[in-house]
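Just follow the structure's listing: the first ligand is 1, and inside any ligand the first atom is 1. What you see is a predicted model, and the numbers here were worked out from it, not measured in a lab.
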Amino acid sequence: MSLIVKKFGGSSVANAERIFNVANIIIEDYKKGNDVVVVVSAQGDTTDDLIAKAKEINPAGASKREMDMLLSAGEQISISLLAMAIEKLGCPVTSLLGWQAGFNTDSHHTIARIKKINTERLKTEISKKNIVIVAGFQGINKYDDITTLGRGGSDTSAVAIAASMKADLCQIYTDVDGVYTADPRKVKNARKLDQISYDEMLELATLGAQVLNNRSVEMAKKYNVELEVLSSLERKPGTIVKETVKMEKTLIRGAAKDNNVASISIVGLQDTPGIAFKIFNKLAQEKVNVDIILQSVGRDGTKDITFTVPQDDAETAVSAIKTLSDSLKFNKVTLDESVCKVSIVGAGMESHPGVASTMFEALYDAGINIHMISTSEIKISVLIDEKYGDAAVAAVHDAFIK
Ligand code: ADP
Ligand code: ASP
Ligand code: MG
């Protein structure tokens, strides 16, 4: 007998037929004598629809506390419907909201971090032989307010339960049958991976491969939770995410694209010591995550600094820079939201020269101009015009993965 944690994403529970499909997958493992804890996301596009409703009420942006109150409702619907389906199929089941399942988080509404899971209730339900269905993506803070974990956060909920309950298996069911070398919906030559390491998966997820939420991979690595990413619609083995994997011959594990990027340029800055510190210190205070930074020589003793931030933080960043205009001298600040970041990831590239040049050649052959470049041991990212994003991913993918 094992303890199995299964997570089903929004498309897997999008309608009644899909809910019964999921219920049958769960019951199959339960009837083999396993304890089963299930995490579900909101049905289909429910979370997007709720965000749209909030915008109708307040286009300027509601408070984050009220957004969490609203968004957590999506998962409340899906857990109860899935529990009803399991009930109807004759098995004992209980659905639990995040707080009932013991999810304690910090107070960063809409992007809260899990601090601890009190597993008592989960354990009690399991000891009663109930299948437990937990609302993903949500928790409660120390003031008893509902919080959410950020988009795609149900993956993290599942890994957190698997880690704190020391589950034997953590399966992430979705609408594709595993992790591919690129988004299989966009790149026709994308290849399914049997295995991928935590580090490579973490980079891919952070760089835009939405199949797993990056925080969930970070947590899986920290607590050594082996994950399987698999399809809820086809019964076949998926992709295993774990510490070390058999190295295949390929140098590059995958390519990814992130559209949630904006580029900000501060033009004509005075060229004196401490300027970069003042700018990036201010952005840090505003909790803006800065990614690629480029400094270039300007004219007449000035310089330009260009950097990228998540699109959601762009307005905050520009306003923050403008508040510095008294202490910093510059000509103007510009914001460009029509850019995207395309990356390749692979642990093998560290020891192989020529990876960057192959990537840049593929972009050159496709006629795509590069605005910025950033590299680490296991990835290379370029910033390009958003409209070329899909073409760029396909081009760099095909240059490495035959
Ligand atoms: P869920 O609702 O199950 O959480 P998501 O939409 O969050 O599903 O993630 C699954 C989607 O991720 C797939 O439909 C696929 O289009 C996309 N995706 C992006 N990159 C990859 C990749 N490298 N491998 C597999 N899927 C990917
Ligand atoms: N429903 C949430 C979202 O759409 C959480 C999730 O799907 O993981 O982001
Ligand atoms: Mg997801």
| note | In ligand 2, the atoms that come under 4.0 Å of a heavy atom of Gly152 are 3 (C), 5 (C), 6 (C), 8 (O), 9 (O)

| query | Got the closest protein heavy atom to atom 4 (O) of ligand 2, with its distance? | reply | Arg151 NH2, 2.9 Å

Pairs under 3.5 Å, nitrogen or oxygen of ligand 1 with protein nitrogen or oxygen:
residue	atom	partner	partner atom	Å
ligand 1	2 (O)	Gly10	N	3.2
ligand 1	3 (O)	Thr174	OG1	2.7
ligand 1	4 (O)	Lys7	NZ	3.1
ligand 1	6 (O)	Gln210	NE2	2.8
ligand 1	7 (O)	Gln210	NE2	3.4
ligand 1	8 (O)	Thr174	OG1	3.1
ligand 1	14 (O)	Asp175	OD1	2.8
ligand 1	14 (O)	Asp175	OD2	3.4
ligand 1	14 (O)	Arg185	NE	2.8
ligand 1	14 (O)	Arg185	NH2	3.3
ligand 1	16 (O)	Asp183	OD1	2.8
ligand 1	16 (O)	Asp183	OD2	3.3
ligand 1	16 (O)	Arg185	NE	3.2
ligand 1	23 (N)	Tyr180	O	3.0
ligand 1	24 (N)	Tyr180	N	2.9

| query | Taking NZ, NE, NH1 and NH2 as the nitrogens, is one of them in Lys6 or Asp29 under 4.0 Å from a carboxylate oxygen of the other? | reply | yes

| said: Tell me whether ligand 2 is touched by Gly153 - counting only heavy atoms on the residue side and a distance under 4.0 Å. | reply: yes

| query | Is the shortest side-chain N to carboxylate O distance from Lys142 to Asp106 below 4.0 Å? | reply | no

| said: Geometry only, no angles: is Thr47 polar-contacting ligand 2 at N/O separations under 3.5 Å? | reply: yes

| For residues 103-140, which residue pairs qualify under ring-ring contact (aromatic ring centres under 6.0 Å, His included), counting only residues two or more places apart or in two chains? | none

| Non-neighbouring partners of Ser11 that pass side chain to side chain contact (heavy atoms under 4.5 Å, CB included), sequence neighbours left out | Arg18, Asp175

| Identity and separation of the nearest protein heavy atom to atom 7 (O) of ligand 2 | Ser41 OG, 3.3 Å

| Does Gly150, backbone or side chain, put an N or O under 3.5 Å from an N or O of ligand 2? | no

| For Tyr173, what residues pass the ring pair (Phe, Tyr, Trp, His ring centres under 6.0 Å) criterion, not counting sequence neighbours? | Phe8

| query | For residues Ser216 and Asp155, is any side-chain donor paired with an opposing acceptor at under 3.5 Å? | reply | no

| request: Only one of Thr47, Asp68, Thr105 passes side chain to side chain donor-acceptor pair (under 3.5 Å) with Thr148; say which it is. | output: Asp68

| query | With a 4.5 Å heavy-atom cut-off, do Leu204 and Ile196 have their side chains touching? | reply | yes

| task | Identify whether the distance between the nearest side-chain nitrogen and carboxylate oxygen of Lys341 and Glu386 falls below 4.0 Å. | result | no

